[in-house]
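Structure, as structure tokens:
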Amino acid sequence: MSHTRHNAAPIVGIDLGTTNSLVAVVDGQGVRVLGDEPIMPSVVRFEAVRGCVVVGQQARDEALDYPSATIFSAKRLMGRSAADVAGEASFLPYAVVAGEHNTARVRVPIGEGGGQGEMIVSPQEVSAHILRELGKRASEVLGVEVQRAVVTVPAYFDDAQRQATRDAGRLAGLEVVRIVNEPTAAALAYGIGLGSKKASTIAVYDLGGGTFDISILRVTPATSVGEPAFYQVLATAGDTKLGGDDVDHALVSLFVREIVEQFGLKVRGSEDFEPRTRRALISFAQGVKHRLSDELEAKVLIDLGVGRGEGGRNVYERVVGRDEFEEMVGPWVEPSLRACQAALQDAKIQAKEVDAVVMVGGSTRMPIVQRLVGELFEREPYTAIDPDWVVALGAAIQASILSGDQVEGSVGSSLLLDVIPLSLGVETVGGAVAKLIMRNSSVPARATEMFSTSVDGQVSIKISVYQGEREMARDCRLLGTFELTGIPPMPAGIPQLQVDFLVDANGVLRVSAHERRSGKQAQLQVVPNHGLTQQEVECIERESFAHAQQDMDQHRVVDLIVNARLDLKWIGERLNRHASTLEPEYCKQLEQLLTALGSFVEKAQQDYQSVDANAFYQAKQALDEASVRLQEVSIAHSLRADAENGTGEDS
Ligand code: AMP
């Protein structure tokens, strides 16, 4: 199949969501979402002047001022009849009426309080405003007029709902070249079905603000290059009323209950507060919820204004712990797990037969959600790509395949290879990179290496993961960092830090760090090839050849500095301690060698090129050899001390 290009503008990928929408593209800069603030609320406000609308963040921010003219969640009405949505309509702040052929329409008052009449708009028109705004944004960023898009829809959308989405595109002046299922797009974003030759079964768990969907897909890869992979939806399940909003409301109820108790207010619940206060309480709750995804506790402080509290003000202050929060949230995650079970049953497969679990939607950032889903499927879910972006990025990849940009081993200019194009490693002391997986290794690939601390009493270790061929971290591409905390204080070199790298068949890298003595663990997940183009890989390779000798010298000197500093510290301390029992001549010899090595270290730290690596190495060797006797004395001393009082001072 070949495609001809209509114009220079790329086909964009659009995630047209119930709550938020965004647009992404694959171009010379790789695969990326567009706009400084890529996430745009799917909210449209109709103005008094016919044809004038406010779309996105501003419409959402000002929704309280224009409750009946602000349309949220139009996606829930797309392609459905008024009767179909009667149940849901009662939750919406605007009026839903029956239009032509009994289709769901929205009645919007015009002017203050509807003083200038009203208009009836279709959900397609509302969605068209969102699509037009995204198209405009993409055109601005790309500097060309975007005319074509791939748009995603839920896997369970029927023909009428898909057609309504196409119509929305047409109204927005965009040609919708393909409608893609959201879970398929999420799989594409992770490269599932593009790189490997094996068929696989995947689960896409999508938990957003207001809805939950689980889809089980069967992915059959292309039999030959240039052919598309086949993504079959085996089963879907979900809940149109389950999402992060429920968690916000649970937290608000908790705050309100405590506020009422603490300050003796005469309200029964949050429904008795003004809409503005309710909104404020919800944003406090969201803040707490978001912080608890990264931290173990979050504090909230709400100034309720004048009252009987301290300083004449009622201030509600509360710390919510992760454990307490998870106890609240657990029962809310449960129904989503039951839906997963139901979908698996429909698909006639067992949870453990699923090869990959992809996380979509902002609420999957909650650690409890990741944990429970991981337990259900008996595998760690994919979280490496931003769960709010993953569908749009996948849509952009689909767009790039459709525009015929596909060449062997890559889609558009992003890489989808069954070998690892650039080496992967971690930064070590001094800024060098220890490579664990070398370039051109085939996937899946796995490697393990042991590290330790370089400073006495270090209780946390930052692990920075790099990609590239150069020897120094600053010349490589940083993929991500994470921290292993809670290590009990030990002398430098004693903690045993095991770092494992695993690149699976889809090219997703999981790095885990494990301190063996304390059992502490931490991990990171990334997609190394994301945003990396073939040209970049070639450029990185060329650079590494050009700098090979210089890099190796530098790496050698950096390692020498690290080891020499440990020697200087260890030998210096022992020499001080045992000088009185050693011959003055020997002490003097060691002191001279220490000084010589010390000056190499000092010079090398200022500029590694200023030292001769061989001479530096020899200075270290000379000290190591000369210090053998000191070590013997020191060990003998500590053995004696052990025998005398049951402890050794030199251990
Ligand atoms: P979506 O509809 O996919 O945009 O998801 C939005 C939902 O994700 C909202 O309920 C957000 O509060 C929630 N969310 C976003 N970020 C986080 C986070 N860091 N921790 C927990 N929930 C989050």
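The structure presented is a predicted model; accordingly, all values stated were derived computationally and were not measured. Start at 1 and go down the list; that is how both ligands and their atoms are numbered.
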Kindly give the heavy-atom pair with the smallest separation between Thr152 and Asp15, and that separation in Å. OG1-CA, 3.4 Å

Answer whether the closest heavy-atom distance between the side chains of Asp206 and Ile214 falls below 4.5 Å. no

Step through it carefully: locate the ring centre of Phe212, locate the ring centre of Tyr205, and say whether they are under 6.0 Å apart. yes

So, are Lys136 and Glu133 salt-bridged, with charged N and O less than 4.0 Å apart? yes

Pair listing, side chain to side chain donor-acceptor pair (under 3.5 Å) test, anchored in residues 362-374, at least two apart: Glu326-Arg371, Arg365-Asp386, Arg365-Asp388

Heavy-atom pair with the smallest gap, counting every atom of Ala384 and Tyr190: N-OH, 3.1 Å

What are the distances between nitrogen or oxygen atoms of ligand 1 and protein nitrogen or oxygen atoms, counting only those under 3.5 Å?
unit_1, atom_1, unit_2, atom_2, d
ligand 1, 2 (O), Gly209, N, 3.0
ligand 1, 3 (O), Gly362, N, 3.0
ligand 1, 3 (O), Asp388, OD1, 3.3
ligand 1, 4 (O), Asn20, ND2, 3.2
ligand 1, 4 (O), Asp388, OD1, 3.3
ligand 1, 5 (O), Gly209, N, 3.4
ligand 1, 5 (O), Gly362, N, 3.3
ligand 1, 8 (O), Ser363, N, 3.1
ligand 1, 8 (O), Ser363, OG, 3.4
ligand 1, 10 (O), Lys289, NZ, 3.1
ligand 1, 12 (O), Lys289, NZ, 2.7
ligand 1, 12 (O), His290, NE2, 2.8
ligand 1, 14 (N), His290, NE2, 3.4
ligand 1, 14 (N), Gly362, O, 3.4
ligand 1, 16 (N), Arg365, NH1, 2.9
ligand 1, 20 (N), Ser293, OG, 2.6

